[in-house]
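All values reported here derive from a predicted model rather than from experimental measurement.
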Amino acid sequence: QVQLAESGGGLVQAGGSLRLSCIVTGRTFNRYGGAWFRQTPGTERKFVAAINWSGVGTDYANSVKERFTIWRDDGNTAFYLQMDNLKPEDTAVYFCASERDQYYSGPVGYRNPRRYAYWGQGTQVTVSS
């Protein structure tokens, strides 16, 4: 059974930093890419960042470029999201996701939730002004 567990959320002041972690179990981790999405109440889940199975390919939402960094550690079967210079508009529940297909390089882009088959429960990030 594939499971994803996020951690690292919390309350931080604007300009501060947080690091989110996502531990993936139940599958051969280094065959699958992953991503982070976020969601605020009453809105759809939105793409934040993604990394492919090899770690070479990444993508970021325009709103977080130059502030957030995604990477993977295959030894620890984990994805990470380093968030710097946080802004109040970054406040959301952050979800990690693992791709549906191994070694995927098909037409469904990083930003499309349909690319991902497994999701974590989410971790709250709150940025105060």
By salt bridge (charged side-chain N to carboxylate O under 4.0 Å, His left out), Arg115 pairs with (sequence neighbours left out) Glu99
Which residue pairs pass the side-chain hydrogen bond (donor to acceptor under 3.5 Å, both in side chains) test with at least one member in residues 4-18, sequence neighbours excluded?
Ser17-Asp84
Inter-residue atom distance Tyr118.OH - Thr25.OG1, 0.5 Å rounding:
11.5 Å
Please determine whether the number of non-hydrogen atoms from other residues, nucleotides or ligands lying under 6.0 Å from atom CD of Gln121 exceeds 12.
no
Could you tell me if the side chain of Met83 sits less than 4.5 Å from the side chain of Asp90, heavy atoms only?
no
When rounded to the nearest 0.5 Å, the distance separating CG of Asn52 from OH of Tyr104 is 12.5 Å
Do you know which two heavy atoms are closest between Asp73 and Tyr80, and how far apart they sit?
CB-CE1, 3.7 Å
Validation row: Thr91, Gln124 side chains within 4.5 angstrom (heavy atoms):
yes
With rounding to the nearest 0.5 angstrom, report the CG to OG1 distance, Leu81 to Thr123.
11.0 Å
For Phe95 and Trp119, take the angle between the two ring planes, folded into 0 to 90°, and tell me which bin it lands in: parallel under 30, tilted 30 to 60, perpendicular over 60.
perpendicular
Sub-3.5 Å donor-acceptor pair from the side chain of Tyr60 to the main-chain atoms of Ile70, do we have one?
yes
Taking the inter-plane angle between the rings of Phe68 and Tyr94 on a 0 to 90° scale, is it parallel (under 30°), tilted (30 to 60°) or perpendicular (over 60°)?
tilted
Side-chain heavy atoms of Ser98 within contact of Arg27, under 4.5 Å:
yes
Please identify each residue that fulfils salt bridge (charged side-chain N to carboxylate O under 4.0 Å, His left out) with Arg19, with sequence neighbours left out.
none
Steps toward side chain to side chain contact (heavy atoms under 4.5 Å, CB included) verdict (Tyr110, Tyr116):
CA-CA 9 Å; Tyr110 288 126; Tyr116 307 96; 4.0 Å; yes
Could you check whether Arg72 makes a cation-pi contact with Tyr32, meaning its NZ or CZ is under 6.0 Å from the centre of the six-membered ring and within 45° of the ring axis?
no
Treating Thr77 as the side-chain partner and Val24 as the backbone partner, does any N or O pair qualify as donor plus acceptor under 3.5 Å?
yes
Could you give the distance from CD (Gln82) to CG (Leu20), rounded to the nearest 0.5 Å?
9.0 Å
